[in-house]
Amino acid sequence: MFRLLLSYILIITNLFAIDATMEIIKQSGSKPKIAVVNSLDNKNSDISKKVYKALEADLRVSGHFDIFKDTLIKDSFDSSIDILNLSKKGIDLYVKYKTVQNSNKSLKILVKLFDINSQEQIFSKEYTTSDIDRYPFLSHKIAIELNGYLKAPSIDWMERFIIFSRYITPRESEIVIADYTLAYQKTIVRGGLNIFPKWADKYQNAFYYTAYLDKPTLVKVDIYTGQRENILSSEGMLVCSDVSSDGSKLLLTKSPNYQPDIYLYNTKTKNSKRVTSYKGIDVSGHFIENDSRVAFVSDRLGYPNIFGKSIDSPSVERLVYHGKNNNSCTTHGNYIAYTSRDSDNEFARNSFNLYLISTTSDYIRKLSSVGVNQFPKFSQDGESLLFIKQYKGESSLGIIRIYYNKSFLFPLSRGKIQSIDW
Amino acid sequence: MKKHVGTISLGLSLVLGMSGCSQKSIEKDLRDDSSEVVSSSAESKLNTIMAPVASTVGVMSGRDGVNSNKNSRISSQVTSSDVVNGVVLSDIKMDDMNSLQSVYFSFDRFEIREDMINRVNNNVEIAKSYPSSSIKIEGNCDEWGTDEYNYALGLKRAKTVRDNFVANGVDGNSLMLISYGESNPVCTDKSETCWQNNRRVDLRIID
């Protein structure tokens, strides 16, 4: 039986109960200690070092492992392992891998996992790709399977594509598909101003984006066939802010009379229904509460703040009572994460920080402290938050593991991230 | 598990028997020649992602204030002597007085400021002198705030200028609006001056 010292103390009260709050009380106990070994067969090749770095990062980001740091462990892939010695070092899981590169740019990673406590080999697997540049995805897959052996909370999101746009020069941006660490990037739209990419469904087979043609135009692209479809255009501006869980409805910000408001667009009937009607600014609509209501950003109080309304009712309620400039939001179930401008403080001037609230309680939690943190996006399972951070001249993609109080940053080497989705 | 424990026990007893009570590391041979091939499903999909496509660039777009339509007049920048709210604006030379001037805005606002009224009025008169031309009104923002909000704010700024033009007799059908949010900065310094220069509406006469 697997002797894990995995014990988390997570007290999560049922959020559907009245006055329920979500609270991370404490994380205590120890996580399984895992040793990852770049086997001697790899001869410390560049790719083997990259794989090591990627896999170690994935395990750390998962929050489910304690990485054993001992570069003195030398081991060949096919040799037997010293169980007693590893056990003395307190290692619970032992992973070694071998990389095999071919001249045609393909890569194979052979991996063996050993459970030191039960003294058995758990698996021996091969992970392959036809393009060595995609090694990060193999690393993510390996991490997901190691995580699966622990039966720890899923980290399947690591395998998902990130799609983002980045400004290159004034009025020029390109759209890129990447892994969550940005170690792999593939540009898929370039030329002109192309902004606000948004996955069209949970399968990530297609995405929407706004192309600046003769008017801002919402375009849908199938990433495998390359088929493009112009959905609709609008004078002034046009953004797809959110997609319903079944992909059939979109929340758009458009401006038919140069007045930005939120519209519900039915992809099947091709009809639009106006959701907000206000003379100022209403943007960033997101579905909440089983797609029956919308959370959005509005300046109807004189400054940007987060409001909610039913799609079929005109009444609007304020959702956030904190902050003086709350200008973007994302939703998952009853939770809303938003960006709020914090006043000058001892950390920085004019910082924009991320906050998390529940629509069914008074819960509020601050998720960041410095820099300009914007454009939060929940993962599909709601346990992680993707965001953009601008700090000290650098543009980064950030991941917050909400339940583990951990935040990770992945810098962009070129350009400035305009918007992201995953 | 029991098999492995049994192997360990046997090995241990053999070692101890041969060496008295000396202790040695126990190595386990857990080689397993059969390995399972796993492909990353997400990664393999990348094989068939299409090649980059170029968005069609419309005739209205341009870069760095230069419109691709050679007959357009670019809105002028402000002279170095202009100081607005204590901020010295860009020192790019002003073109002749027949050029439309950019209109500047306060942080997170889209109302015409008092110090911009004369400029807007001047723009109205220039627009009226080109009755058969169209005018493109482009709203822009500084880098603060999330981009979607900034595209809307840029549009509101452009609309405010448009509404002013229409109220003063310019044909609304000749006015085209677009927002560039924070995508079209004229500078990238981290300074009040630069941020002010980016909070603006540009106007272009399109023949």
Side-chain angles (χ1 to χ4, degrees), chain A residues 78 80-85 110 114 118-121 123-130 134 137-138 141 159-161 167 169-171 173 177 186-194 211-214 223-224 226 235-237 239 253 255 258 260 281 283-284 297 304 327-328 339 374-375 418-419, chain B residues 1 4-5 8 25-32 34-64 108 143-149 151-156 158-159 162 176-180 183-186 190:
Chain A
D78 289 320
S80 51
I81 65 170
D82 185 346
I83 292 266
L84 184 61
N85 191 31
L110 298 101
F114 301 89
S118 63
Q119 300 178 8
E120 57 186 336
Q121 177 173 302
F123 66 65
S124 173
K125 294 188 178 182
E126 290 179 12
Y127 301 82
T128 60
T129 175
S130 57
R134 299 189 211 139
F137 286 99
L138 299 194
K141 185 69 177 179
E159 253 196 319
R160 290 179 67 77
F161 296 143
Y167 287 127
T169 56
R171 287 196 280 184
S173 61
I177 284 181
K186 182 181 176 80
T187 301
I188 51 172
V189 178
R190 56 166 64 108
L193 189 59
N194 309 290
Y212 268 53
L213 309 178
D214 55 346
I223 65 173
Y224 300 113
E235 297 278 359
M237 72 173 286
V239 177
T253 300
S255 52
Y258 310 121
I281 295 175
V283 295
S284 299
V297 176
N327 56 43
S328 73
T339 298
Q374 297 171 321
F375 225 88
Q418 185 267 335
S419 69
Chain B
M1 172 65 184
H4 292 305
V5 170
I8 293 171
S25 299
I26 298 171
E27 293 190 354
K28 292 231 33 200
D29 187 348
L30 296 175
R31 273 177 293 182
D32 179 358
S34 65
S35 59
E36 177 188 338
V37 177
V38 177
S39 292
S40 167
S41 57
E43 176 275 332
S44 53
K45 278 184 176 182
L46 288 166
N47 279 330
T48 49
I49 286 184
M50 59 175 191
V53 294
S55 264
T56 304
V57 175
V59 296
M60 295 300 186
S61 72
R63 289 189 179 79
D64 299 325
D108 200 24
E143 61 176 339
W144 296 105
T146 302
D147 219 9
E148 186 169 350
Y149 187 87
Y151 272 85
L153 179 59
L155 182 61
K156 291 297 290 183
K159 185 173 187 297
R162 177 193 184 274
M176 291 171 288
L177 268 63
I178 196 162
S179 174
Y180 287 114
S183 72
N184 188 30
V186 294
K190 305 297 177 190

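Letters A, B, ... mirror the listed sequences (proteins, then strands); counts begin at 1.
A donor-acceptor contact under 3.5 angstrom links the side chains of A:T253 and B:E148, judged on distance only. Side chains of B:D147 and A:Y167: a donor-acceptor N/O pair is present below 3.5 angstrom, by distance only. In the model, A:R171 has a side-chain atom that pairs as donor or acceptor with a side-chain atom of B:Y180 under 3.5 Å.
Judged purely by atom type and a 3.5 angstrom limit, A:Q374 uses its side chain to pair as donor or acceptor with the backbone of B:G145.
Interface residue B:D108: only side-chain heavy atoms are found under 4.5 Å from chain A. Using a 4.5 Å cut-off between heavy atoms, B:A152 contacts chain A through both its backbone and its side chain.
A pairwise comparison of heavy atoms in B:Y151 and A:Q418 identifies CE1-NE2, 4.2 Å as the closest pair. The minimum heavy-atom distance linking B:S179 with A:Y212 is given by the pair O-OH, 2.5 Å. Between B:R162 and A:Y258, the closest heavy-atom pair is NE-CE1, 3.5 Å.
Side-chain contact check for B:K156 versus A:I281: some heavy-atom pair is nearer than 4.5 Å. In this structure, the side chains of B:S183 and A:L193 come closer than 4.5 Å at one or more pairs of heavy atoms.
In this structure, CD on A:E235 lies 10.0 Å from CG on B:L155, to the nearest 0.5 angstrom.
Put simply, the residue from A:S284, A:S419, A:S328 that forms a side chain to side chain donor-acceptor pair (under 3.5 Å) with B:T146 is A:S328.
When each of A:T339, A:V283, A:N327, A:V239 is checked for heavy-atom pairs under 4.5 Å with chain B, A:N327 comes out on top.
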